[in-house]
Amino acid sequence: MEGTKKRGSLKTTLVAVILTAVIVTAGIISIFTIINTIKTNNESTEAYSTRLLDDVKAQLKYETEEAMSICQVMYGRYQAGQMTLDEAKKESADIIRELRYNEGNGYFWVDTSDGINVVLLGRDTEGQSRWDLTDSSGNKFIQQMIENGLQEGGGYTQLMFAKPNETEELPKINYTAYYEPFDWVMGTGVWIDDLEALEKDFIGHQHQALITSVVQTIIILLVLIVIGAFVAFYFGGKITKPIILSANQMIRMSNSDFTENADMEEVRKLTNHNNEIGAISEALDMMHSNIRNLMLQISDTTASVASASEELSASASQSAEASEMVATSCTNVATSCSGQINAVTGASNETDSFVTNMEDFKEAISRSSEMIKATNEAAINGAADMTNATDMMNTIRDSVENTAQVVEDLGERLKSIDEFVVTIAEIASQTNLLSLNASIEAARAGEMGKGFAVVASEISKLADESNQAAQKINELIAGIMKNSQEAVTAMRQGADEVVNGSELVNEAGGTFNNIVNMVNSISEESNTMSAIVEQLSGGTDTIAKNIHEIEQMSIAVADETSNVSAASEQQTASSYEVAQASDRLAGNAQELQDFVARFSL
């Protein structure tokens, strides 16, 4: 099929997964085995080194105990009275000096607890103290050996010491034990440099065994991989074969091939499997059968639908033509009614406008009558107000004249006060003069006149203050008299203006009386006009009502005609839609037949 996406193989994926699982599992097991082997070799090497050292220590202890048994025999003789203690020690020392083991390489030495050498191969050191001897590292090994030997059960001492007749220091281990009856620390030792050679030889054997084990593990790993590959390919093919059969059949069905074929027969055989493969095969067989039967039924049904849709399309076309003729006739009637409605509507609108205008004119006449009445009342009130104003103006004129007279009298009284103020000023001047004379006389009197001089000074001050107050009062009176004169003059002028205003008010009162008469005449004419407009408004209302009734009747006829026309047009449209739907149905049926024809059944 063109455009099909290239896909990988499920078998390849399955084989790869199984191989990966086998390789990973075998690799983990192999690595674990190799690690354990290496660990075991290391532990064996350590155990071997420890065992060699333990064997050496055991031999040293055994040989020392054998040499110490000689001391016990001699000490037994001493206790039996066969010899003295010194003889027993000497006999024991001589025997121990000659003792050898390990093919003559092993010997013994004896020191007292304070470091005096007793036995050492007959060398010159016998009988001398070795307490302060040290090795090349500065360790006082004699003290260490004596200290370890004095412990319960003896003790071991490791040190670096040269072999006899050699200068190179080599690792050595000594065992010392204390024999209390003689106060001897007896010991022996052995160089352990040969243990390192034995350990290296053992490590070499272990390494070779490790290599052999690793090679065997790798071979086993390769064998497991080969077996896993075989199992993966075998079971991968066995598992994917049913899936490939089902996938091929589904590809056939996706390409519209629902025929009975050999692959479908093989798929049906897979339904016997009691697992997911059987369930998939059974579902695929059922889907193939159901879709094939459905396509066959659709093919038969589409043929019937195509035939019926052609007949329905022809009937719908005839019905649409008949409905279209009825709709055309109704449309013509509706057009005529529309012209009549337009004419009646125009007349109705004009009549409504005329009625509206008459109503407005009627309301205007009514408002004019009300305004004329209000104007008449206002004119009457204005005339009365003019009369009252004239009376008030006369009263104001009399009051102004009285006020002017009062102000003139006030001016005269102020002149009298001015004369009193002048008199007070003169008295203050005389008082000031008298106080001056009194001050002079007090000065002449000397000490006796000082009190009087003070009084005279105070009187002089009071006289000056009185004179200043009199001057201020005089200035105030002068200002008041000036203002009084101006007020009198202004009041005289106001009185003259009041007289003139009174005359103008009288003239305005006469004018208001004329206005009242004219307003009465206008009111009578307005009442007559209002009666005429009332009659005219009643007639126009009747005309407008009749025209509206004609308009409503024309509209009702037009609506009914429009409803019939609309129903006819709707039926026509429905008929055409049925015809079109029938044509589409026929086309769809044909397309469905063509689609079904593409399936291989």
Are any side-chain N or O atoms of [X] and backbone N or O atoms of [Y], one a donor and one an acceptor, separated by less than 3.5 Å?
{"X": "E126", "Y": "G122", "result": "yes"}
{"X": "T112", "Y": "W184", "result": "no"}
{"X": "S213", "Y": "A209", "result": "no"}
{"X": "D135", "Y": "G138", "result": "yes"}
{"X": "W131", "Y": "K140", "result": "no"}
{"X": "E87", "Y": "T84", "result": "yes"}
{"X": "S69", "Y": "E66", "result": "yes"}

Any side-chain heavy atom of [X] sitting closer than 4.5 Å to one from [Y]?
{"X": "K57", "Y": "I173", "answer": "yes"}
{"X": "V118", "Y": "F182", "answer": "no"}
{"X": "D132", "Y": "Q143", "answer": "yes"}
{"X": "I28", "Y": "T25", "answer": "no"}
{"X": "S92", "Y": "V119", "answer": "no"}
{"X": "T188", "Y": "N174", "answer": "no"}
{"X": "M186", "Y": "I96", "answer": "yes"}
{"X": "Q158", "Y": "L53", "answer": "yes"}

Atom of [X], atom of [Y] and distance for their closest heavy-atom approach:
{"X": "G153", "Y": "K61", "answer": "O-CE, 4.2 Å"}
{"X": "P181", "Y": "Y75", "answer": "CB-CE1, 3.7 Å"}
{"X": "S129", "Y": "I116", "answer": "CB-CD1, 3.6 Å"}
{"X": "Y179", "Y": "Q72", "answer": "OH-CA, 3.4 Å"}

[atom1] of [X]: more than 12 outside heavy atoms within 6.0 angstrom?
{"X": "Y78", "atom1": "OH", "answer": "no"}
{"X": "F233", "atom1": "CZ", "answer": "no"}
{"X": "D114", "atom1": "CG", "answer": "yes"}
{"X": "M83", "atom1": "CE", "answer": "yes"}
{"X": "N274", "atom1": "CG", "answer": "no"}
{"X": "M287", "atom1": "CE", "answer": "yes"}

Could you label the plane-to-plane angle of the Y156 and Y175 rings as parallel, tilted or perpendicular, counting under 30° as parallel and over 60° as perpendicular?
->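 Plane angle between 30° and 60°, so tilted.
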
Rounded to the nearest 0.5 Å, how far apart are [atom1] of [X] and [atom2] of [Y]?
{"X": "T217", "Y": "L224", "atom1": "OG1", "atom2": "CG", "value": "10.5 Å"}
{"X": "D111", "Y": "L120", "atom1": "CG", "atom2": "CG", "value": "7.5 Å"}
{"X": "L221", "Y": "Q216", "atom1": "CG", "atom2": "CD", "value": "13.5 Å"}
{"X": "L222", "Y": "I227", "atom1": "CG", "atom2": "CD1", "value": "11.0 Å"}
{"X": "T176", "Y": "I146", "atom1": "OG1", "atom2": "CD1", "value": "8.5 Å"}
{"X": "M250", "Y": "I280", "atom1": "CE", "atom2": "CD1", "value": "9.0 Å"}

Quick one: do R130 and W109 satisfy side chain to side chain contact (heavy atoms under 4.5 Å, CB included)? Show the steps, please.
-> CA-CA 12 Å; R130 298 197 305 166; W109 67 87; 3.5 Å; yes

Compute whether any side-chain donor of one residue and acceptor of the other, for [X] and [Y], lie under 3.5 angstrom apart.
{"X": "T157", "Y": "N148", "result": "yes"}
{"X": "E169", "Y": "S136", "result": "yes"}
{"X": "D183", "Y": "S113", "result": "yes"}

For R97 and I95, what are the C-alpha separation, side-chain angles and deciding distance, and is it a side chain to side chain contact (heavy atoms under 4.5 Å, CB included)?
-> CA-CA 5 Å; R97 186 178 297 112; I95 296 172; over 6 Å; no

Assess whether a salt bridge exists between [X] and [Y], defined as any Lys/Arg side-chain N lying under 4.0 Å from an Asp/Glu carboxylate O.
{"X": "R51", "Y": "D54", "value": "no"}
{"X": "D86", "Y": "K90", "value": "no"}
{"X": "E91", "Y": "R77", "value": "no"}

Side chain to side chain donor-acceptor pair (under 3.5 Å) with Q128: which residues, sequence neighbours excluded?
->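 In terms of side chain to side chain donor-acceptor pair (under 3.5 Å), with neighbours along the sequence ignored, Q128 is linked to no residue.
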
Examine Y107 together with Y101 and report whether their ring centres are nearer than 6.0 Å.
->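 Ring-ring flag for Y107/Y101: false, centres at least 6.0 Å apart.
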
